[in-house]
Amino acid sequence: MRGIISKITAVVLVIGLSFMTLSDTDVINKVEADDVYQLTYHFSNNNSGSAYGKITMTASQAGEYHFYWGDKNGQKLTFNGTEYSELGSCTTTTENMTASYQVISPYTVIPSGAEKLLAYGDNDQVVDSYDIPKTKQFNEGNLLYKFALMSDVHYNRYSDFSADDSVAPFDNALKFVNSQGIDFVGLTGDLSSHGETEAFQKFKSATDKYPNMSVYTCMGNHDVSGIKNFNKYVNTKKKTDKNIKSINENGVDFVYEKQGDIFIFLSQTKWLYNSKYSYLLEKQQLNWLEKTLNTYANRNVYLFFHTYFASENGDVTTAVGNLKNPGGYTYDLTYTFGTTDEKRFRKLLNQYSNVTMFSGHSHWAYGQQKYNPNLNIGNINSKKTGASLVHVSSVSAPRTIEANSSEREENNGKLSEGTVALRYKNCTVYLGTDFKSGKYMADASYICYDGKKSTPVPAIKTGRTKIKSLGKAKKISKKSKKYKVVLKYKKVPKAYKYEIQYSTTRKFKATKTKTRRTNKTRYTITKLKRKTAYYIRVRAYRYQFGERVYGKWSKVRRLKIKKK
């Protein structure tokens, strides 16, 4: 009997405990339901280091949520002791407890060391985190070196000379990159307001404070009127720098090498932006550029040039470097589409996919990519088979504009931006940098893989021709006092044309020499004078990189026009 009672008592106790347990669980679930968060990340591709995708937050209460990269310990990610700003944010409402943030650019990077995505709530506390899969974490090996990018300093443009709004931000930016252990800074021009000497002197004074840091720049449109003093005060280190590989004859275009990579500084030499003018000297600059790009076709090349290009169909509003806000405002200062120099330059950028071109000029702040996802980074063509393009914001006045405004804000003295570039074996990571706050901008940090390299085309040679015959001198007409003679010479394989020179002096002095060109192997020299001795020679030439490649001169033949 006791056994039966014990069993009954035990069953009652178990049932009672079960009810207690269920009751306790209900209480716990109610507490959690008031404070439940679910953070998810839907990636748009499987590429390691690519942040492109959609971040979704589901919450049990309305609020604003901010997303940051986190390290393995769940702390906000830093690089070299410097924090990353937020990647993005979203807001849930009482009507919709789920909200999303779409990562804007396909190039946005998951930085090295990021293993988590952290969601912060209104109280600046982590409410949830997402573990980034190993396959999606940055995996490009060791960092090889760092360099910095800046643009549009514009001394003397904002406020007067004594209260120049560009002095403090440029000084602060140099101080920041120096603290990050960067020894090379490249700028895309516009140091001045209108090419004034004082601006170039200020630039020299600012950069001279860092003797161990090389700071090089090309000229922008605002600098072109002061080329003489630009050469005097700017890029002065290039005269003694062993890393300088070549300098164009104009003195402002040059090549710098760092750990096997090539940095080309190509200066804009003209100001006007319309179809009647070019920005570059066709023969001196574009020939030099084409030859230089061929020389380094098998290297990783970074090209600094001030002005950005319109998209391949001529649309400036979708260009890397420009935008159009919903109100219809755009700032059309693109390289004039369709001019002879623009077409040739664009052709080179489409040909050399190993090139990344940096440009400034528009001043648009990096955050303005909300109006154009391609604002800060892209490619010269939509197929992504040509050069990569990177927009560099202004270090002294990054421009912003409201969605429906027609007036932009210069932000001089308020904002200051640039880029810190991290070079890895197969790619470069560009960290948008807010020099004002001293943080890296997670939403403006990108990964760009090296383009395909090619084998440099060897320098061509042009063969030497030989004069086959020189006919007898004959009068041009019965009444004429002038003579003519038929010259024949051997054909040179692949020759474009032949250059004939005839002179009254053996040394072919310019003042006494005539030069004629033809694509035929027979030429009639006319207007020869009687009682005169002429010296004649011919050579063939071809074209490479926009320049003539001459063969050797033939042996000189002498012709005497006798008195008749």
Side-chain angles (χ1 to χ4, degrees), residues 64 66 85-91 101-108 149-154 157-159 165-166 168-170 173 187-190 193 220-222 273 306-311 313-337 358-378 389-419 430-437 439-446:
E64 188 171 359
H66 304 267
S85 64
E86 72 173 50
L87 175 64
S89 63
C90 68
T91 302
Y101 169 73
Q102 173 65 51
V103 176
I104 295 174
S105 171
Y107 290 85
T108 304
L149 303 171
M150 298 181 199
S151 189
D152 295 271
V153 181
H154 280 301
R157 184 175 184 182
Y158 304 107
S159 194
D165 283 343
S166 298
F170 188 53
L187 288 88
T188 65
D190 270 9
S193 177
N221 61 299
H222 279 260
Y273 286 80
H306 184 64
T307 299
Y308 57 90
F309 281 76
S311 58
N313 63 355
D315 188 353
V316 67
T317 66
T318 59
V320 174
N322 205 21
L323 55 86
K324 183 178 183 180
N325 75 343
Y329 179 89
T330 189
Y331 191 33
D332 188 1
L333 285 179
T334 179
Y335 205 128
T336 303
F337 187 75
F358 305 126
S359 63
H361 190 41
S362 70
H363 291 221
W364 288 123
Y366 292 137
Q368 299 295 280
Q369 66 181 340
K370 61 187 177 183
Y371 302 132
N372 174 15
N374 303 314
L375 173 66
N376 299 325
I377 189 167
L389 306 178
V390 174
H391 157 63
V392 185
S393 181
S394 172
V395 71
S396 63
R399 291 171 174 142
T400 56
I401 191 168
E402 296 299 323
N404 294 307
S405 176
S406 60
E407 294 183 6
R408 64 182 186 269
E409 176 61 54
E410 294 294 310
N411 295 305
N412 46 300
K414 300 175 185 177
L415 300 179
S416 177
E417 295 179 348
T419 298
Y430 299 99
L431 304 180
T433 307
D434 182 344
F435 293 123
K436 197 78 173 177
S437 67
K439 290 184 179 181
Y440 293 122
M441 305 166 71
D443 62 330
S445 293
Y446 312 100

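The figures here come from the full heavy-atom set of this structure, side chains too, leaving out hydrogens, waters and symmetry mates. Remember, it's a predicted structure, so these values are computed and weren't measured experimentally.
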Checklist entry - If only atom types and distance count, is the side chain of Asp165 paired as donor or acceptor with the main-chain N or O of Ser396 below 3.5 Å? => result no

Item to check | Heavy-atom pair with the smallest gap, counting every atom of Pro373 and Ser105 | outcome: O-CB, 4.0 Å

Checklist entry - Can any side-chain N or O of His391 pair as donor or acceptor with the backbone N or O of Ser362 at less than 3.5 Å? => result no

Item to check | For Lys436, side chain to side chain contact (heavy atoms under 4.5 Å, CB included) partners two or more places apart | outcome: Asp434

Next on the checklist: To check you understand the geometry: which heavy-atom pair defines the closest contact between Gly432 and Ser445, and what is its length?
Outcome noted: N-OG, 3.5 Å

Checklist entry - Excluding sequence neighbours, so at least two apart, what forms side chain to side chain contact (heavy atoms under 4.5 Å, CB included) with Asp152? => result His154, Asp190, His306, His363, Ser394

Checklist entry - In chain order, what residues pass the side chain to side chain donor-acceptor pair (under 3.5 Å) check against Tyr366, with sequence neighbours excluded? => result Thr419

Next on the checklist: Rounded to the nearest 0.5 Å, what separates atom CG in Asn322 from atom CG in Leu333?
Outcome noted: 8.0 Å

Item to check | Geometric cation-pi criterion Arg408 and Tyr331, 6.0 Å radius, 45° cone | outcome: yes

Checklist entry - Do Trp364 and Asn376 come within less than 4.5 Å of each other through their side chains, counting heavy atoms only? => result no

Checklist entry - Is any NZ, NE, NH1 or NH2 atom of the basic residue among Glu409 and Arg399 found under 4.0 Å from an Asp or Glu carboxylate oxygen of the other? => result no

Item to check | N/O donor-acceptor pair under 3.5 Å between Thr330 side chain and Asp332 backbone | outcome: no

Checklist entry - Backbone N or O of Val320 within a donor-acceptor pair of the Asn374 side chain at under 3.5 Å? => result no

Item to check | Nearest atoms (heavy-atom pairs only) where Asn372 meets Thr317 | outcome: ND2-O, 3.7 Å

Item to check | All salt bridge (Lys or Arg N to Asp or Glu O under 4.0 Å) counterparts of Lys439, not counting sequence neighbours | outcome: Glu83

Checklist outcome for this item: Sorted by chain and number, sequence neighbours left out, salt bridge (Lys or Arg N to Asp or Glu O under 4.0 Å) with Arg157 holds for none

Checklist entry - Considering residues at least two apart in sequence or located in another chain, which fulfil the side chain to side chain donor-acceptor pair (under 3.5 Å) criterion with Thr188? => result Ser151

Item to check | Any residue meeting side chain to side chain donor-acceptor pair (under 3.5 Å) with Glu417, in chain and number order, not counting sequence neighbours | outcome: Ser393

Next on the checklist: I'd like to know if the side chain of Gln369 and the backbone of Asp443 have a donor-acceptor N/O pair within less than 3.5 Å.
Outcome noted: yes

Next on the checklist: If the condition is side chain to side chain donor-acceptor pair (under 3.5 Å), which residues does Tyr430 pass it with, not counting sequence neighbours?
Outcome noted: none

Checklist entry - Which heavy atom of Leu87 sits nearest a heavy atom of Tyr101, and at what distance? => result O-OH, 3.1 Å

Checklist entry - Closest approach of Val395 and Pro169, non-hydrogen atoms and distance? => result O-CB, 3.4 Å

Next on the checklist: Just by distance, no angles: are the side chains of Asn411 and Thr400 close enough, under 3.5 Å, to form a donor-acceptor pair?
Outcome noted: yes

Item to check | His66 (side chain) donor-acceptor with Ser89 (main chain) under 3.5 angstrom | outcome: no

Next on the checklist: For the CG atom of Leu431 and the OH atom of Tyr446, what is their distance to the nearest 0.5 Å?
Outcome noted: 11.0 Å

Checklist outcome for this item: With sequence neighbours left out, the residues meeting side chain to side chain contact (heavy atoms under 4.5 Å, CB included) with Lys370 are Gln368

Next on the checklist: Ignoring hydrogens, what is the shortest heavy-atom contact between Tyr329 and Ser405? Give both atom names and the distance.
Outcome noted: CB-O, 3.8 Å

Checklist entry - Okay, side chain of Thr307, backbone of Tyr335: is any donor-acceptor separation there less than 3.5 Å? => result no

Checklist outcome for this item: Value for CD (Glu64) from OG1 (Thr91), rounded to nearest 0.5 Å, stands at 4.0 Å

Item to check | Residues which pass side chain to side chain contact (heavy atoms under 4.5 Å, CB included) with Ser311, listed by chain and number, not counting sequence neighbours | outcome: Asn313, Asp315, Thr318

Checklist outcome for this item: salt bridge (Lys or Arg N to Asp or Glu O under 4.0 Å) filter on Glu86, not counting sequence neighbours, yields none

Checklist entry - Where the side chain of Thr334 meets the backbone of Tyr308, is there a donor-acceptor pair that is under 3.5 Å apart? => result yes

Checklist entry - Glu402: what forms a salt bridge (Lys or Arg N to Asp or Glu O under 4.0 Å) with it, not counting sequence neighbours? => result none

Checklist entry - Does any N or O in the side chain of Tyr158 come within less than 3.5 Å of the main-chain N or O of Gly413, such that one atom is a donor and the other an acceptor? => result no

